[in-house]
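A short write-up of the structure that comes next.
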Protein chains: 2
Amino acid sequence: MTNVAAKRPTINDVAEVSGVSRGTVSRVLNGRANVSLAAELAVRRAVAETGYVVNRAARSLKTSRTGSIVMVLSEPQERLFEDPNFSVLMRAATNRLAERDMSLVLMIAGDAGGRDRVARYLRAGHADGALLISTHADDPLVEAVERSQVPAVACGAVLGRESVIPYAAADDRGGARLATRYLVDQGRRKIGMITGPLDTPGGALRLEGFTGVLGRKVTKRMVVHGDYTQSGGERAMRELLESFPELDAVFVASDLMAAGALRVLQAAGRSVPGDVAVAGFDDSALATATSPMLTTVRQPLDRIAEETVRLLIALLDGEEATSVVLPTELTVRDSA
Amino acid sequence: MTNVAAKRPTINDVAEVSGVSRGTVSRVLNGRANVSLAAELAVRRAVAETGYVVNRAARSLKTSRTGSIVMVLSEPQERLFEDPNFSVLMRAATNRLAERDMSLVLMIAGDAGGRDRVARYLRAGHADGALLISTHADDPLVEAVERSQVPAVACGAVLGRESVIPYAAADDRGGARLATRYLVDQGRRKIGMITGPLDTPGGALRLEGFTGVLGRKVTKRMVVHGDYTQSGGERAMRELLESFPELDAVFVASDLMAAGALRVLQAAGRSVPGDVAVAGFDDSALATATSPMLTTVRQPLDRIAEETVRLLIALLDGEEATSVVLPTELTVRDSA
DNA sequence: CTGAAAGCGCTAACAG
DNA sequence: CTGTTAGCGCTTTCAG
């Protein structure tokens, strides 16, 4: 520590200490090829000695790239925050980005005001890319993002924009098939379903998987729509018990809703899995906290998150970004 | 939309369109006093017309403030992400910050590498403030933050640094007293406890509240330390059953651990609350998913988060920031 | 009250 | 391979 400067060291200080020009320092810092080994070494030493850290604002001003990407949460009904899944996404994104020395900024676009802020943020070029979470089919945000021209990917398909916004997602349809088939194999014949909102992939595709297996046997009264909350799950289960009282199994599109359903079933005097088998979706921490523990479809959220970030980085690097769908598997516990 | 420029409009464009100088535009944008009404109006119109949005990088370069604060998660054992509480924090922070047109960047300092990144980030002046989450007493991060000179606050006290890092927190001690006293009032006489890690406030203070009520009746074998995870709660409960088999109640320092304890008790053939009463802490979503539903101490996480951000903003504005402790309350359900 | 001017720290194009 | 140079868009004195 030769130099205990009051000011933060700039590239000029590094240049001076290392005895080369600013330009050369910059080249070293950015890994450009045309630098002699001697120069590189001198610069590295000077960087260490001065404790130099690049000033992103200055770099950004010059390059018009910001070194940050924005994670946009559209969550009309706050569901995400009740959902532990989301945390997993964020941690994976942060880590992956950190490797590239990029940072993650978080924005919530729950209402018109929030969407507007996101739109302005993007238009102002404050982020190099956008990572969309739980975006609904008709969310006006999508248009704003597209208009901003900022590279964007989604975690989970944005229904209707699958071909324009690359995404990584679980095989919702396949997972639902897995669970449904399992219930059938257990000898269940009167299987109901509680879905998620139909304008989300988890809502629409899990229902498709369900009906795909059961075919025309599925009638309207056997399917109720929930909203991914626990109380929504309770409400839906009550409704289902009303419209389809003879049911001997339910496939529920999320663990949180399944926890609600479980509670209602037990309150109604139906034993689980004795009278009614219950299968969930997610395999979140909740699945082992309920009693009985949930049989549920595990989706590899950590990998989904990583893939989503990988796609975005590919996009930033000007590469092709092809959506990926990751396989799910059934975790059999006690509820079915 | 008179002007469909290919480039993003700059302050120069606004100056030109409004017929004043750059300096005046800047003054208007920053709410400086010395501007004539006529000029202000012209500028505002021009801003709307051009769709101008300030370039933060340029502003930042000049003012050396960034308009963003960083939320640092230190979570040695990944606990946070298993914990739905955290999401609540983040949403409150994001919203509060958005009001000030500031953004939230997220960093994870789970290991040495992560801490290093945070330290560099702060030293480089990339954030105007730091918001520390679940920071342990002896975390080297704390020193790095202090050395960086960046204003910082914590959500939950940083043990040992209470006087230097302002914080907002729940009344952990009081909440624990509430739960313990309730168990006593229910006629329980042999009460055990599962704590959190003792280098976190939730670990140390909840234990203090517990022993505060029970006094010298508490012996070593009645207290087991957990790590805030569900499996940790299971392990701890097993241990407690071993060391203190005659117990008729447990106070568990978090709902997640309580869920684990519940499971172990039931597996051991002890009915809840019949044989053993269980009280948790948090009142998270989990508390209503377990069976029986948890009697637990509710902490006002949303308000804690808001207060934390308020403190940080006060600090940024150069005001005094005095730590606040918010009251908790007992939510009685079925487990005790 | 307002215009002009001087950089903030960095990168990239251009000459050597 | 390296030094020099010209700004990126903004705020902020300093004069008027």
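The analysis underlying the following values was restricted to heavy atoms, covering all of them including side chains, and did not include hydrogens, waters or symmetry mates. Within every chain, numbering begins at 1; the chains are lettered A, B, ... in the order of the sequence lines, protein sequences first and strands thereafter. Values in this document were obtained by computation on a predicted structure and should not be read as measured data.
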| query | Of all the choices, C/dC10, C/dG3, D/dT11, which nucleotide is nearest to the side chain of B/Arg27 once you look at every atom? | reply | C/dG3
| task | Send over the distance from A/Glu40 CD to D/dC1 P, rounded to a whole Å. | result | 11 Å
| Residue B/Arg22, side-chain atoms from C-beta onward, closest of D/dC1, C/dA5, C/dG3 | C/dA5
| field | Between C/dC1 (C1') and B/Leu41 (CG): distance, integer Å | value | 16 Å
| field | d(CZ, B/Arg59; P, C/dG7) in whole Å | value | 22 Å
| field | Phosphate contact (D/dG3 OP1 or OP2) by A/Ser21 side-chain N/O below 4.0 Å | value | yes
| B/Arg56 CZ to C/dC8 C1', straight-line distance once rounded to whole Å | 18 Å
| request: Kindly say if A/Asn30 contacts the phosphate of C/dT11, meaning a side-chain N or O under 4.0 Å from OP1 or OP2. | output: yes
| query | Counting only heavy atoms not in A/Arg117, do more than 12 fall under 6.0 Å of its CZ? | reply | yes
| query | Given the rule in the side-chain contact (heavy atoms from CB on, under 4.5 Å) test, do B/Ile69 and B/Leu97 qualify, once you have shown the distances and angles that lead to the verdict? | reply | CA-CA 9 Å; B/Ile69 78 111; B/Leu97 251 17; 3.4 Å; yes
| message | Does a side-chain N or O of A/Ser36 approach OP1 or OP2 of D/dT2 to a distance below 4.0 Å, or not? | response | yes
| field | Whole-Å distance separating the NZ atom of A/Lys62 from the C1' atom of D/dC10 | value | 15 Å
| Is it true that atom CD of B/Glu40 has more than 12 heavy atoms of other residues, nucleotides or ligands lying nearer than 6.0 Å? | yes
| task | Name the nucleic acid region contacted by B/Thr63, choosing base, sugar-phosphate or nothing; use a 4.0 angstrom heavy-atom cut-off, strictly under. | result | sugar-phosphate
| Base, sugar-phosphate alone, or nothing: which one does A/Ala39 contact when heavy atoms must sit under 4.0 Å apart? | sugar-phosphate
| field | Phosphate-side-chain proximity, B/Arg32 and C/dT2, N/O vs OP1/OP2 below 4.0 Å | value | no
| field | No-hydrogen, no-angle side-chain donor-acceptor test under 3.5 Å, A/Asn12 and A/Arg22 | value | yes
| Interatomic distance, A/Arg8 CZ vs C/dG9 C1' [rounded to whole Å] | 12 Å
| Interatomic spacing from CD in B/Glu320 to OG1 in B/Thr322 - rounded to 0.5 Å | 5.5 Å
| field | Rounded interatomic separation in angstrom, taking CG from B/Asn55 and P from D/dC8 | value | 12 Å
| task | Grab the CG-C1' distance between A/Leu61 and D/dG9 for me, whole Å please. | result | 5 Å
| Which sits closer to the 5' end of DNA chain C, B/Val35 or B/Ala58, going by the nucleotide each is nearest to? | B/Val35
| task | Answer with base, sugar-phosphate or nothing: what part of the nucleic acid does B/Arg65 contact at a heavy-atom distance below 4.0 Å? | result | nothing
| query | Does OP1 or OP2 of D/dG3 have a side-chain N or O of A/Thr24 closer than 4.0 Å? | reply | yes
| query | Would one find more than 12 heavy atoms of other residues, nucleotides or ligands at under 6.0 Å from atom CD of B/Glu16? | reply | no
| task | Tell me what A/Asn34 touches on the nucleic acid: a base, only sugar-phosphate, or nothing, going by heavy atoms under 4.0 Å. | result | base
| Choosing from C/dC10, D/dT11, C/dG3, which nucleotide comes nearest the side chain of B/Val20? | C/dG3
